[in-house]
There are 2 protein chains.
Amino acid sequence: EGTDVSAVSLDAKQAKITVFRVPDKPGISSMLFTALGKENINVDVIVQNVSKDNFADISFTVNITDAEKTLKITKELGKEVMAENVVCDRDIAKISIIGIGMMNHPGVAGRMFHALGKERINIEMISTSEIKISCVIKKSDGAKALKTVHAEFIES
Amino acid sequence: EGTDVSAVSLDAKQAKITVFRVPDKPGISSMLFTALGKENINVDVIVQNVSKDNFADISFTVNITDAEKTLKITKELGKEVMAENVVCDRDIAKISIIGIGMMNHPGVAGRMFHALGKERINIEMISTSEIKISCVIKKSDGAKALKTVHAEFIES
Ligand SMILES: C[C@@H](O)[C@H](N)C(=O)O
Ligand SMILES: C[C@@H](O)[C@H](N)C(=O)O
């Protein structure tokens, strides 16, 4: 069928941090992630969507063992940039499909989202590159997500 | 210096589409991207951040030559899911750094964002995977972004 998805993976050991309503102007992301880098915090997914009324939300995931330290640091950074709020959500899992040239196959993303949607799994965050589509979902949906996405791409 | 960034790339031939305020419930992303797939539209980056008050915004990029057709289709889909609005922005470029195991190097993201921020380049969207960090910026910032990020990672 020409799909190039070679692997499906689930990471249930992450936590997500969201910095709500930071000013959408140059230098903000730099300040945030330079500071996290200095604290040696490994950041996995970073997601920022387009801003509305000049404010943006920035979310990122870290290993759950770093969640507490990361939240503490990010709250302080959030104050400096006058973010509205900084929250941490440990109740997540990240389901990903990995493949070559996936983004040149229209419909691959749709198939992944369909596999999740038909099991009533809510997609909380989406981040992509040519070789990987990752969705953040509720932790308790992790096993079901792995099963349905694996069935869609690997077993068919 | 141990950085694993092997390439910097600029794509100035993309347009971004944002579907504002879709219900954050299972099946919505599936419906949107399955339909786009059926129309053979190649989607590159997809970004969705966490929702607020049960609504989420979904943005994605396509080749600028597909922008008009994509906007038309997405507007119709947007009506079906009762999105608040669907907009297309052709005034973008996507700057990316590519490398191996980047996400295990705290600070790589910060360095990229710093390279952009110090040139007063505003980051409109962020999407990442272990091997790629992509930022959507204004098209007119493209050349400057390539120069500064290249200087940060390839020339140093
Ligand atoms: C929101 C944040 O990404 C900001 N636009 C920046 O460039 O740093
Ligand atoms: C917003 C959209 O991603 C929705 N949460 C879904 O699962 O389809």
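Just so it is clear: chains get the letters A, B, ... in the order the sequence lines come, proteins before strands, and each one is counted from 1.
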Step through the shown structure and confirm whether more than 12 heavy atoms of other residues, nucleotides or ligands are within 6.0 Å of [atom1] on [X].
X        : atom1 : result
B:Glu68  : CD    : no
A:Glu119 : CD    : yes
B:Lys69  : NZ    : yes
A:Lys147 : NZ    : no
B:Lys72  : NZ    : no

Taking atom [atom1] of [X] and atom [atom2] of [Y], what is their separation to the nearest 0.5 Å?
X        : Y        : atom1 : atom2 : result
A:Glu130 : B:Ser134 : CD    : OG    : 7.0 Å
B:Ile123 : A:Gln48  : CD1   : CD    : 7.0 Å
A:Leu32  : B:Phe113 : CG    : CZ    : 9.0 Å

Hydrophobic cluster membership, with links at side-chain heavy-atom distances under 4.5 Å among I/L/V/M/F/W/Y: are [X] and [Y] in one?
X        : Y       : result
A:Val136 : A:Ile98 : no
A:Ile64  : A:Leu10 : no
B:Val47  : B:Phe55 : no

What part of B:Leu116 gets within 4.5 angstrom of chain A, counting heavy atoms only: side chain, backbone, both, or neither?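 Neither; nothing under 4.5 Å.
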_Whether A:Thr128 side chain and B:Ile46 backbone form a donor-acceptor pair below 3.5 Å_ =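 Confirmed, A:Thr128 side chain pairs with B:Ile46 backbone.
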Side-chain heavy atoms of [X] within contact of [Y], under 4.5 Å:
X        : Y       : result
A:Met125 : B:Asn49 : yes
A:Asp57  : B:Val50 : no
A:Pro106 : B:Asn40 : yes

Taking all heavy atoms of A:Ser30 and all of B:His114, pick out the closest pair and write down the distance.
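So the minimum-distance heavy-atom pair works out to OG-CA, 3.2 Å.
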Applying a strict 4.5 Å limit to non-hydrogen atoms, the region of A:Lys52 in contact with chain B is side chain
Which of B:Ser59, B:Ser29, B:Ser127 passes side-chain contact (heavy atoms from CB on, under 4.5 Å) with A:Ile126? Answer is B:Ser29
Taken in chain and number order and not counting sequence neighbours, the residues that satisfy ring-ring contact (aromatic ring centres under 6.0 Å, His included) with A:Phe60 are A:Phe33
Contacts of residues 13-27 of chain A with chain B (heavy atom under 4.5 Å) =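 Contacts with chain B: A:Lys16, A:Thr18, A:Phe20, A:Arg21, A:Asp24, A:Lys25, A:Pro26, A:Gly27.
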